[in-house]
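Have a look at the structure below, then the notes.
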Number of protein chains: 2
Amino acid sequence: MRKPIRRVSPIGVRCVAEDAVKPMRADARRNRERILTTAREAFAEHGVEVPLDDIARRARVGPGTLYRHFPNRDALVEAVYREEIGALSARAYALVEELPPEEALAAWFREQVGWVRDSSGLAMTLKAAIDRDSETFAFCKKQLREAVAALLEPARAAGAVRANLEPSDLLRLGHGVATACEHADGEGIERLLSVVLAGLRP
Amino acid sequence: MRKPIRRVSPIGVRCVAEDAVKPMRADARRNRERILTTAREAFAEHGVEVPLDDIARRARVGPGTLYRHFPNRDALVEAVYREEIGALSARAYALVEELPPEEALAAWFREQVGWVRDSSGLAMTLKAAIDRDSETFAFCKKQLREAVAALLEPARAAGAVRANLEPSDLLRLGHGVATACEHADGEGIERLLSVVLAGLRP
DNA sequence: GCGCATCCGGAGACCTTCTCCATATGCTAG
DNA sequence: CTAGCATATGGAGAAGGTCTCCGGATGCGC
């Protein structure tokens, strides 16, 4: 009886930072990015159990190419999740640069709620599929917390939010609002958002 | 591109209570029980992705028989989980009958911690594999809470525990202790247990 | 422009899921 | 106690998915 594949991040899973270490051939990079984009769409439409050969076909690569970049399903799921978390985190740093602290925090919070709701709950689908003990899970959690801290600290310094808020509080609130708004329309979502954002004030 | 099987409890998953409604043939009942026992062992040893034909082979039934009782992997996982939760819950009611309230609560708490640690974390493995929106998940959560309430209420009435404890508090504490004790020996576990149990007192 | 290291891709081996239907058997009625 | 029938079994095999191997393709540096 075979032992199923343990859900840990294989060494082969590349982080974005790794690209800086060893330049990838242009065709290899293009294929990898196309695979990730296609996988994201396929996971959103059909769940994480969609056949990998189907993803390869949609991405117009051979199965050998897909498996060369991502040795198994878990690796692909984790890579897509890392991209999702990376993009959401990057938004925090961008908003800090563009807006006053309170507005930046509010804008990011709205984006987080939108992100959780996006593509029929892709974020939660991916998160549920990832081993809680994996490097990817720990890495993403840390990344998000640091991004939210980058928003919270200026807002706190400006006296715009209550002093006892932690980054994890905001993340839980965002998840809660998104879940509560599962069947809400735009106005309903906006009401809940304004309630929560008002509640953040000192 | 095919849509993967949605993780919801199929109607065909039998609850223990159903057996009272429609008597099963003796050979069918024996087979079903043997499949469940074997599945529990296989999931503990190899995870929930162990091939179902292997479980059938170990249980000495044909694949057709296994699929007659459990239409797919999720049904089997949920059935095993229901049995686990059923047994743990039943212990609460039994202990209430056998012991004074405070001792019953302490004894059950120890059993819960032991249960979480049992068979290399089988309980968590199964729980992680079950859809959070499923009937099984909701049913088991309710069952556990009611069982713990049956322990808490007499203990509270006897003044043996602080008044503000909820069943879910105890369940979370048990999970936390089991997790904290992942690599602890018997003495270490006992120390943590005694700390937490002392903390329950008013 | 050439050469070489790297990348690609897809046929096919292997594994798992799951069904169909001929055979087996539990259990009730006579 | 036996026969008959409704229910249960089981396993060969069809179908689908995973994943590898290696000949051919191509990016890129010199």
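Just so you know, these numbers come straight off a predicted model, no measurement behind them. In what follows, every chain begins at residue 1, and chains take the letters A, B, ... in the order their sequences are listed.
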Hits for side chain to side chain contact (heavy atoms under 4.5 Å, CB included) against B:Ala28, two or more places apart or cross-chain, chain-then-number order -> B:Met24, B:Arg25, B:His69
Distance-only donor-acceptor pairs under 3.5 Å for side chains of residues 187-199 of chain A, two or more places apart:
residue	atom	partner	partner atom	Å
A:Glu190	OE2	A:Arg110	NH2	2.4
A:Ser194	OG	A:Glu190	O	3.3
A:Ser194	OG	A:Arg191	O	2.8

Write down the distance between CZ (A:Arg73) and P (C:dC15), rounded to a whole number of angstrom.
19 Å
Could you tell me which residues satisfy salt bridge (Lys or Arg N to Asp or Glu O under 4.0 Å) with A:Lys142, sequence neighbours excluded, listed by chain and number?
A:Glu146
Hits for salt bridge (Lys or Arg N to Asp or Glu O under 4.0 Å) against B:Arg162, two or more places apart or cross-chain, chain-then-number order -> none
Contact list for residues 163-173 of chain A, test side chain to side chain donor-acceptor pair (under 3.5 Å), sequence neighbours left out
none
State which of C:dT17, D:dC19, C:dC8 makes the closest approach to the side chain of A:His69.
C:dC8
Hey, what are the protein-to-nucleotides 2-4 of chain D N/O distances that come in under 3.5 Å?
none

Residues that B:Arg60 engages under salt bridge (Lys or Arg N to Asp or Glu O under 4.0 Å), provided they are two or more places apart:
none
Each nucleotide N or O in nucleotides 9-11 of chain C that has a protein N or O under 3.5 Å away: list the pair and distance.
residue	atom	partner	partner atom	Å
C:dG9	OP2	A:Gly62	N	3.1
C:dG9	OP2	A:Thr65	OG1	3.0
C:dG10	O6	A:Gly64	N	3.3

Not counting sequence neighbours, list each pair that qualifies as a salt bridge (Lys or Arg N to Asp or Glu O under 4.0 Å) and has a residue in residues 174-185 of chain B.
none
Residues which pass side chain to side chain contact (heavy atoms under 4.5 Å, CB included) with B:Ala56, listed by chain and number, not counting sequence neighbours:
B:Val61, B:Leu66
Under 4.0 Å protein heavy-atom contact, by nucleotide of nucleotides 22-30 of chain D - B base, S sugar-phosphate only
----BSS--
Pairing residues for A:Ala44 by the side chain to side chain contact (heavy atoms under 4.5 Å, CB included) criterion, not counting sequence neighbours:
A:Ser119, A:Leu122
